[in-house]
Structures are given as structure tokens and as C-alpha cells.
Amino acid sequence: MANAPDPTTRIDVIFSAAEIAARIKVLAGEVAARAPHDLLVVPILKGSFIFAGDLVRALHHADLTPEIDFLTLASYGDATFSSGEVRVTRDITSEIAGRDVLIVDDILETGRTLAHAKALVLDRGATSAMTCVLLDKPVPRAGEINADFKAFDCPEVFVVGYGMDLANRYRELPFVGNLITDN
Ligand code: 5GP
Ligand code: MG
């Protein structure tokens with residue numbers, strides 16, 4: 001259990017900083033084994049920023065030299081339930097055509113977010129659009145979408161930390177935790 005600023009909430013650790021670091025090293029090796037050409041890494045903001053930061057440094061240690069550009073996607077709905085409509089609020093500015101792209105996101109749930117990002121880069125002529133997520137939740141997908149690389153299967157609970165938020169809080173936690181509110 002970690003400190004939460006609000007006494008009516010607690011955060012139980014699901015994946016520790018050490019577990020995450022060890023797993024990312026393995027993932028980077030798996031990405032490198034694909035020998036991507038002219039790799040562009042596209043973290044989906046904001047939730048994946050810490051994961052992507054650690055992942056690209058692990059890619060460096062796996063001898064890859066990716067370029068990095070960001071895509072900010074938002075889905076309408078409240079903090080814990082997404083409505084299904086995804087829109088771009090900050091677009092990629094890099095050239096995409098002819099490149100292998102690795103889309104990085106925090107959580108794969110219905111898959112709408114990842115499907116939107118994948119369609120966007122393929123539409124702009126990417127040679128391939130691989131997907132890499134920190135967490136995969138066992139919920140029904142909205143369509144045919146899966147992660148090519150994933151760090152962990154995640155229980156169906158609301159998670160925060162390691163970049164992930166509730167109303168922009170808790171992103172700084174170095175681990176992934178389950179936010180529990182007693183009331
Ligand atoms: P999808 O589009 O796959 O249904 O939803 C994935 C997105 O929903 C994630 O990128 C994340 O922003 C958000 N999300 C889903 N589950 C959680 C959760 O447990 N905690 C947080 N903080 N965000 C979540
Ligand atoms: Mg997200």
C-alpha cells in the first residue's frame with residue numbers, strides 16, 4: 001500500500017517499479033528482433049509518457065535508433081468510462097510514409113484508442129504499424145485489435161501510476177497500482 005493524498009483512498013501495488021523495468025528490457029528485445037526499418041515510435045499521450053520514456057531507452061540498449069513523435073488522443077466520457085469516440089488533439093508531425101511505426105499506449109481495453117492510432121498511421125503510408133502496450137485488460141474488444149507487444153495482462157480494476165491518472169493525478173507514481181476509494 002502506498003500513500004494517497006486523500007485519506008478515503010488507497011493504492012495497492014499491482015506491478016512494482018522493478019517488475020516493470022525487468023519486463024521492459026524483454027519487450028525491447030522483442031521489438032529489436034523484428035529488425036524495424038526507419039523506426040518511428042509514437043507514444044499516445046498522456047498516459048504512456050513514462051512507459052514510452054523507459055521503453056525508448058531500453059530500445060537504445062537493444063541497439064535501435066528510433067525517432068520519436070507524439071500523438072495525443074482523447075476520448076469523450078468521464079474519467080473512468082470512455083464513450084467510444086476518439087479524436088486527435090495533438091497530431092504527429094513527422095513523415096510516416098515508408099516507415100515501420102511502433103505505437104505505444106498505456107492500456108488496451110476496448111481497443112478503440114489503439115485502432116484509431118493504427119488506422120491513422122497506416123492511412124499515411126506507414127509500412128507497418130506495430131502496437132505495444134503496458135497493460136492488456138481482459139475486456140471485450142470493440143473490433144479486431146490486439147497488441148503486438150505487451151508488458152502485462154492486467155486485472156479488470158482501475159489503475160493509476162506509471163503515467164496513468166485519475167483527473168491528471170497519480171501519474172508520478174513509479175509503480176502501477178489499483179486505486180481504491182472507500183465510500
Ligand atoms: P480503449 O480505447 O482500449 O477502450 O481504452 C484505453 C484507454 O482507456 C487507455 O489508454 C487509458 O487512457 C484509458 N483507461 C482504461 N482503463 C484505465 C484504467 O484502469 N486507468 C486509467 N487511468 N485509464 C484507463
Ligand atoms: Mg490513454
Side-chain angles (χ1 to χ4, degrees), residues 14-15 17 19-75 82 86-96 99-137 141-154 159-165 168 170-176:
I14 302 179
F15 301 111
E19 282 176 285
I20 296 168
R23 190 67 193 112
I24 286 178
K25 209 170 162 184
V26 175
L27 272 187
E30 291 174 6
V31 173
R34 299 279 189 99
H37 168 72
D38 199 12
L39 179 63
L40 177 67
V41 173
V42 176
I44 299 178
L45 296 178
K46 304 171 191 168
S48 76
F49 83 109
I50 291 181
F51 175 45
D54 284 343
L55 181 68
V56 295
R57 285 177 289 181
L59 293 177
H60 165 79
H61 291 299
D63 292 329
L64 294 182
T65 54
E67 285 181 21
I68 303 160
D69 198 353
F70 301 95
L71 178 65
T72 308
L73 295 179
S75 54
S82 91
V86 179
R87 72 202 152 99
V88 174
T89 58
R90 191 274 180 195
D91 206 342
I92 303 164
T93 57
S94 304
E95 184 59 49
I96 295 173
R99 309 182 71 167
D100 285 326
V101 177
L102 180 68
I103 298 163
V104 179
D105 203 5
D106 51 0
I107 304 176
L108 172 59
E109 214 172 41
T110 66
R112 287 193 186 95
T113 307
L114 221 47
H116 195 93
K118 198 169 169 171
L120 185 148
V121 303
L122 288 174
D123 192 53
R124 294 185 195 165
T127 305
S128 72
M130 300 176 285
T131 54
C132 178
V133 297
L134 178 69
L135 305 175
D136 186 352
K137 280 194 183 177
R141 303 283 192 248
E144 290 270 312
I145 183 97
N146 266 304
D148 297 299
F149 309 97
K150 71 172 164 189
F152 303 103
D153 287 308
C154 180
V159 298
V160 295
Y162 199 66
M164 295 172 287
D165 72 313
N168 276 322
Y170 307 111
R171 294 191 196 275
E172 76 284 7
L173 299 176
F175 54 85
V176 174

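Count residues from 1 along the sequence.
- Rounded to the nearest 0.5 angstrom, Thr72 OG1 and Ile44 CD1 are separated by 9.5 Å.
- Considering only residues two or more places apart in sequence or on other chains, Arg23 meets the salt bridge (Lys or Arg N to Asp or Glu O under 4.0 Å) condition with none of them.
- By the salt bridge (Lys or Arg N to Asp or Glu O under 4.0 Å) test, Lys25 is found to be paired with no residue, residues two or more places apart in sequence or in another chain being considered.
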Residues 55-65, side-chain donor-acceptor partners within the protein, below 3.5 Å, at least two apart:
unit_1 : atom_1 : unit_2 : atom_2 : d
Arg57  : NE     : Gly53  : O      : 3.0
Arg57  : NH2    : Asp54  : OD1    : 2.7

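- Partners of Glu19 according to the side chain to side chain donor-acceptor pair (under 3.5 Å) rule, which considers only residues two or more places apart in sequence or in another chain, are Ser16.
- With sequence neighbours excluded, no residue forms a ring pair (Phe, Tyr, Trp, His ring centres under 6.0 Å) with Phe149.
- When the salt bridge (Lys or Arg N to Asp or Glu O under 4.0 Å) test is applied to Lys150, the partners found at least two apart in sequence or on another chain are Asp136, Asp153.
- For Thr127, the side chain to side chain contact (heavy atoms under 4.5 Å, CB included) criterion is met by Asp100, not counting sequence neighbours.
- Atom CD of Glu172 has more than 12 heavy atoms from other residues, nucleotides or ligands within 6.0 Å.
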Donor-acceptor pairs under 3.5 angstrom involving side-chain atoms of residues 28-41: please list them, not counting sequence neighbours.
unit_1 : atom_1 : unit_2 : atom_2 : d
Asp38  : OD1    : Arg99  : NH2    : 3.3
Asp38  : OD2    : Arg99  : NE     : 3.4

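- Partners of Ala142 according to the side chain to side chain contact (heavy atoms under 4.5 Å, CB included) rule, which considers only residues two or more places apart in sequence or in another chain, are Thr110, Arg112.
- Partners of Thr89 according to the side chain to side chain donor-acceptor pair (under 3.5 Å) rule, which considers only residues two or more places apart in sequence or in another chain, do not exist here.
- For Asp148, the salt bridge (Lys or Arg N to Asp or Glu O under 4.0 Å) test picks out no residue, with sequence neighbours left out.
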